[in-house]
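Have a look at the structure below, then the notes.
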Amino acid sequence: MNESGRLRVLLADDQPLLRMGFRLILEGEDGLEVVGEASDGADAVRQVGRLDPDVVLMDVRMPTLDGIEATRAITSSGARARIIILTTFDLDEYAFAGLQAGASAFLLKDVAPAELVQAVRVVASGDAVVAPRVTQRLLETYVRGAGPAPAQDALDLEAAPPAAVPAPRDPLLEDLTPRETEMLEAMSEGLSNAEIAHRYFLSEATVKTHVRRILTKLHLRDRVQAVVYAYETGLVIPSNPDY
C-alpha cells in the first residue's frame, strides 16, 4: 500500500483483453490502483521487484516462465507481494501447485467483478483465505494424490506437476500449543476467524492472535499457506473419498 493508502495491484496474464478487463474493474474501485501489467512470468518477477505491488493477479499458464515458477521466484525473493493465481477451472492441479509455490489464493478467470475486488482486498489484508471451501476442496483432491484429469487446455504444457504426497509430521508442529493446533485444524476446514471464534467461544481478536502465532512458529506467510501446510504434513487427513 502506498502513502495514499491505495492497494497496488500488478496484472500478469498473456491475454491483453483479460488484463484490460481486470484493470477496468479494479481501477473503478476506491482504494485500488493497477501499477503495472506483465505478459509473461519472467516480466512479472521483474516488475514485482521494480514496482513493489501489494497483490499480483497471476495467470497460471504463460510463456517464458509460467505462473507457478514466477510465484515461487517472487515468494522466495522475500517480496511482500501476495499472489492470487488465476485459472480456468476450480479443480486445477496447476492452481494447487501455485498454492504450494506460495500463492495466497486462487480465482477462476470468469470471477464476478465484485468477487475479484473482494479477493484483492482480502488477500492484501492477510487475514482470510479467498473461497476457503473451494481451496479446501482443491487440497482434498490433490493431497490425496488422485485428482481428476486436467482439462484440455492444460495438455499444451509438456508435463504436469507431480501429485502431492503428504510429508512426515513436521517437528515444528510440536511447537504449537494444543489450542493453536485446534486453531490450525479449524482453519484447514475453511472456517473464518468469526466462525472459529464462535466454535471455541473466543473473541475474534483472540483468534487473530492465535493465527499470528501459528504463522510465526511455522514460518508461513499467510492463512492459506497454513492450510496447505496442515494437509501436506498430515495434520489434516483428507477423509471424503467422494470429494
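Index from 1, following the sequence. All heavy atoms count here, side chains included; hydrogens, waters and symmetry mates do not. Quick caveat: nothing in here was measured; it's all calculated off a predicted structure.
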Identify the heavy atoms of [X] and [Y] that sit nearest to each other, and give their distance.
| X | Y | answer |
| --- | --- | --- |
| Ser104 | Val224 | O-CG1, 2.8 Å |
| Leu220 | Ala226 | CD1-CA, 3.5 Å |
| Asp40 | Ala42 | OD1-N, 3.0 Å |
| Ala119 | Leu107 | CB-CD1, 3.6 Å |
| Leu176 | Glu180 | CA-OE1, 3.4 Å |
| Ser188 | Ala230 | OG-CB, 3.2 Å |

Do [X] and [Y] have a side chain donor and acceptor closer than 3.5 Å?
| X | Y | answer |
| --- | --- | --- |
| Asp14 | Ser39 | no |
| Thr206 | Thr209 | no |
| Glu37 | Gln47 | no |

Test side chain to side chain contact (heavy atoms under 4.5 Å, CB included) on Val45 and Leu65; report intermediate values, then the result. CA-CA 9 Å; Val45 174; Leu65 189 69; 4.1 Å; yes
Charged N-O contact under 4.0 Å between [X] and [Y]:
| X | Y | answer |
| --- | --- | --- |
| Asp52 | Arg8 | no |
| Asp54 | Arg82 | no |
| Lys109 | Asp59 | yes |

So [Y] and [X], do their side chains get closer than 4.5 Å, heavy atoms only?
| X | Y | value |
| --- | --- | --- |
| Thr87 | Leu108 | yes |
| Asp66 | Val60 | no |
| Glu189 | Arg199 | yes |
| Pro53 | Val48 | yes |
| Leu173 | Thr233 | yes |
| Ile83 | Thr75 | yes |
| Leu86 | Val111 | no |
| Ile214 | Arg223 | no |

Can any side-chain N or O of [X] pair as donor or acceptor with the backbone N or O of [Y] at less than 3.5 Å?
| X | Y | value |
| --- | --- | --- |
| Glu29 | Leu26 | no |
| Thr71 | Ile85 | no |
| Gln225 | Leu99 | yes |

Are [X] and [Y] connected in the hydrophobic side-chain network, where two residues link if heavy atoms are under 4.5 Å apart?
| X | Y | result |
| --- | --- | --- |
| Val120 | Leu24 | no |
| Leu215 | Leu172 | yes |
| Met20 | Phe22 | no |

Taking side chain to side chain contact (heavy atoms under 4.5 Å, CB included) as the criterion, tell me which of Arg213, Lys217, Met183, Glu182 meets it with Thr177.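 Single side chain to side chain contact (heavy atoms under 4.5 Å, CB included) partner of Thr177 among Arg213, Lys217, Met183, Glu182: Lys217.
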Might you work through the side chain to side chain contact (heavy atoms under 4.5 Å, CB included) test for Lys208 and Asn193, ending with a clear yes or no? CA-CA 7 Å; Lys208 288 182 178 181; Asn193 285 347; 3.4 Å; yes
Test side chain to side chain contact (heavy atoms under 4.5 Å, CB included) on Ile84 and Val55 and set out the steps. CA-CA 7 Å; Ile84 300 175; Val55 176; 4.0 Å; yes
Spacing of [atom1] belonging to [X] relative to [atom2] belonging to [Y], to within rounding of 0.5 Å:
| X | Y | atom1 | atom2 | value |
| --- | --- | --- | --- | --- |
| Leu235 | Thr181 | CG | OG1 | 6.5 Å |
| Met62 | Ile68 | CE | CD1 | 10.0 Å |
| Gln100 | Tyr229 | CD | OH | 14.5 Å |

Check against side chain to side chain contact (heavy atoms under 4.5 Å, CB included), Leu184 and Leu218: CA-CA 11 Å; Leu184 180 54; Leu218 299 180; 4.0 Å; yes
